[in-house]
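Report on one structure; see the data block that follows.
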Amino acid sequence: MIGVAGLGYWGPNLARNFAELGRLSWLCDLDGGLRAEVAARYPGARATASYDEMLADDELQGVVIATPVPTHYALAKQALEAGKHVLVEKPPAMRAAEIDELSALAAAQKLVLMPGHLLLYHPGVRKLKELIDAGELGDVLCVYGNRQNLGIVRTNENALWSLGVHDLSVILYLLDEEPAEAVAYGRDFLTEGVEDVVFCYLRFPSGKIAHMHLSWLDPHKMRKMTVVGREKMVVFDDMELERKVTVYEKSPWKRAESYGEWQTRSGDIYIPKIATDEPLKLECQEFLNLIAGGGDRLKVAEDGARVVRALERLTDSLRG
Ligand SMILES: NC(=O)c1ccc[n+]([C@@H]2O[C@H](COP(=O)([O-])OP(=O)(O)OC[C@H]3O[C@@H](n4cnc5c(N)ncnc54)[C@H](O)[C@@H]3O)[C@@H](O)[C@H]2O)c1
């Protein structure tokens, strides 16, 4: 059975999914009003303000942590030490040393430590990965993410931490490499010390490069990831309802008869069918699957650690 800690904005979505999967047994939040409101929807689950009380339940197998980011490390550590599997919202920790410690603890205890990188369960992102891994695009050269909008203006978390974690998790998942170089530039226009506009550059050992434009000071509402391969290019656009993924048969090539001059080739543009399954449901199912011994729990924990390590380097660069 599963307990959800943190019932603010995001936690109730997780609670709903575990309830629908028939596994929700605990609801935990320090805020009595929120707790009562969510608990009223799930009479079969016990509600508490005490994380300790929830962890003391021997029937509880896993804990889902949807509390503010600075609390993730301590709560995840406590749950792992209590012998519980952990699904922790993004980002799973603030510092690389913290996530490395949590990963080692989970491995030693033979427990699941899964980061809540929602987009990795999005069927559109899965399609990108499938196309890349099948060699459909040819060699991947570069990837870039756009996550821009006008608002929500955050005052406690900058655009890199609030928006960038999503794109970073996708880029690292698609390329399956740790960056050799991670550089970020940005400015805090609205709230001192909280960057509203951030540009990031990543270079990988294989020579691939990536970029992220993250901003809530922008006229465009964009949630887009573009992958440029030597033979084809593909765009995942999460603002589209039906055309989530578009594959462009566009590429440069050299014509022998024109003495090595580059030409461009524009072939078909096609839109593969993408399942409409709710990514959060797939994420919750994967947590239960990992608990049951399916999947690769070490890889999942490492995916989370890789994101935190890159975030830390980008943050150091931004502040440097
Ligand atoms: N995957 C996504 O798309 C997505 C979207 C939104 C938020 N999130 C993540 O979810 C997490 C929560 O974000 P939010 O916007 O819901 O925050 P929030 O501030 O709305 O809610 C956090 C809740 O945690 C509770 N809380 C704090 N400390 C606690 C403790 N020790 N024990 C029990 N409850 C405690 C607070 O009372 C509050 O109700 C963050 O990590 C955020 O990054 C993920």
Side-chain angles (χ1 to χ4, degrees), residues 2-18 26-39 41 45-57 60 63-82 84 86-95 98-99 102 113-122 124-125 145 147 149 151-170 173 194 214 216 223 225 238-239 278-287 300 303-304 307-308 311 315:
I2 303 296
V4 177
L7 303 169
Y9 164 67
W10 193 243
N13 294 324
L14 288 151
R16 171 177 55 81
N17 273 290
F18 283 105
W26 281 91
L27 294 163
C28 174
D29 200 295
L30 301 175
D31 184 314
L34 284 173
R35 209 168 55 238
E37 191 187 316
V38 181
R41 286 178 233 154
R46 294 166 69 185
T48 181
S50 165
Y51 191 62
D52 291 350
E53 185 193 2
M54 180 170 83
L55 292 185
D57 179 359
L60 187 77
V63 173
V64 178
I65 300 169
T67 55
V69 181
T71 66
H72 287 178
Y73 161 72
L75 294 179
K77 185 174 175 189
Q78 198 184 334
L80 291 169
E81 283 172 345
K84 311 297 182 194
V86 171
L87 164 56
V88 53
E89 257 313 323
K90 55 92 193 162
M94 305 272 291
R95 311 293 304 179
E98 292 174 349
I99 192 71
L102 293 178
L113 173 65
M114 176 176 165
H117 292 316
L118 181 65
L119 278 178
L120 303 194
Y121 302 91
H122 194 303
V125 172
R147 196 163 290 268
N149 197 7
I152 305 166
V153 176
R154 309 236 176 233
T155 53
N156 59 348
E157 216 181 38
N158 68 16
L160 173 62
W161 281 74
S162 180
L163 309 174
V165 185
H166 290 294
D167 291 335
L168 194 55
S169 68
V170 173
Y173 165 71
V194 180
L214 310 159
W216 46 67
R223 288 181 190 167
M225 185 68 61
D238 210 8
M239 296 306 298
E278 184 188 358
L280 191 58
K281 170 133 296 162
L282 298 174
E283 179 187 309
C284 294
Q285 280 170 337
E286 178 60 7
F287 184 47
V300 167
D303 282 349
V307 170
V308 177
L311 257 185
T315 303

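Every number for a ligand or one of its atoms is a count from 1 in the order of the listing. Remember, predicted model here, so these are calculated numbers, not experimental data.
- Residues satisfying the side chain to side chain donor-acceptor pair (under 3.5 Å) criterion with Thr71, sequence neighbours excluded, are Thr67.
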What does the N/O contact table under 3.5 Å look like for ligand 1?
| from | atom 1 | to | atom 2 | distance (Å) |
| --- | --- | --- | --- | --- |
| ligand 1 | 1 (N) | Glu89 | OE1 | 3.4 |
| ligand 1 | 16 (O) | Tyr9 | N | 3.1 |
| ligand 1 | 16 (O) | Trp10 | N | 2.8 |
| ligand 1 | 20 (O) | Tyr9 | N | 2.9 |
| ligand 1 | 37 (O) | Asp29 | OD1 | 2.6 |
| ligand 1 | 39 (O) | Asp29 | OD1 | 3.3 |
| ligand 1 | 39 (O) | Asp29 | OD2 | 2.7 |
| ligand 1 | 41 (O) | His72 | NE2 | 3.1 |
| ligand 1 | 41 (O) | Lys90 | O | 3.1 |
| ligand 1 | 43 (O) | Lys90 | O | 2.8 |
| ligand 1 | 43 (O) | Lys90 | NZ | 3.3 |

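- Scored by the side chain to side chain donor-acceptor pair (under 3.5 Å) test, Asp238 finds His122, Lys244 as partners (sequence neighbours excluded).
- Residues Glu53 and Trp26 form a side-chain contact, since some pair of their non-hydrogen atoms from C-beta on lies under 4.5 Å apart.
- The main-chain N or O of Leu118 is never found under 3.5 Å from a side-chain atom of Lys90 such that the two would form a donor-acceptor pair.
- His72 places a side-chain N or O within 3.5 Å of a backbone atom of Pro91 that can act as its donor or acceptor partner.
- Remark: Glu278 engages Arg16 in a salt bridge (charged side-chain N to carboxylate O under 4.0 Å, His left out) (not counting sequence neighbours).
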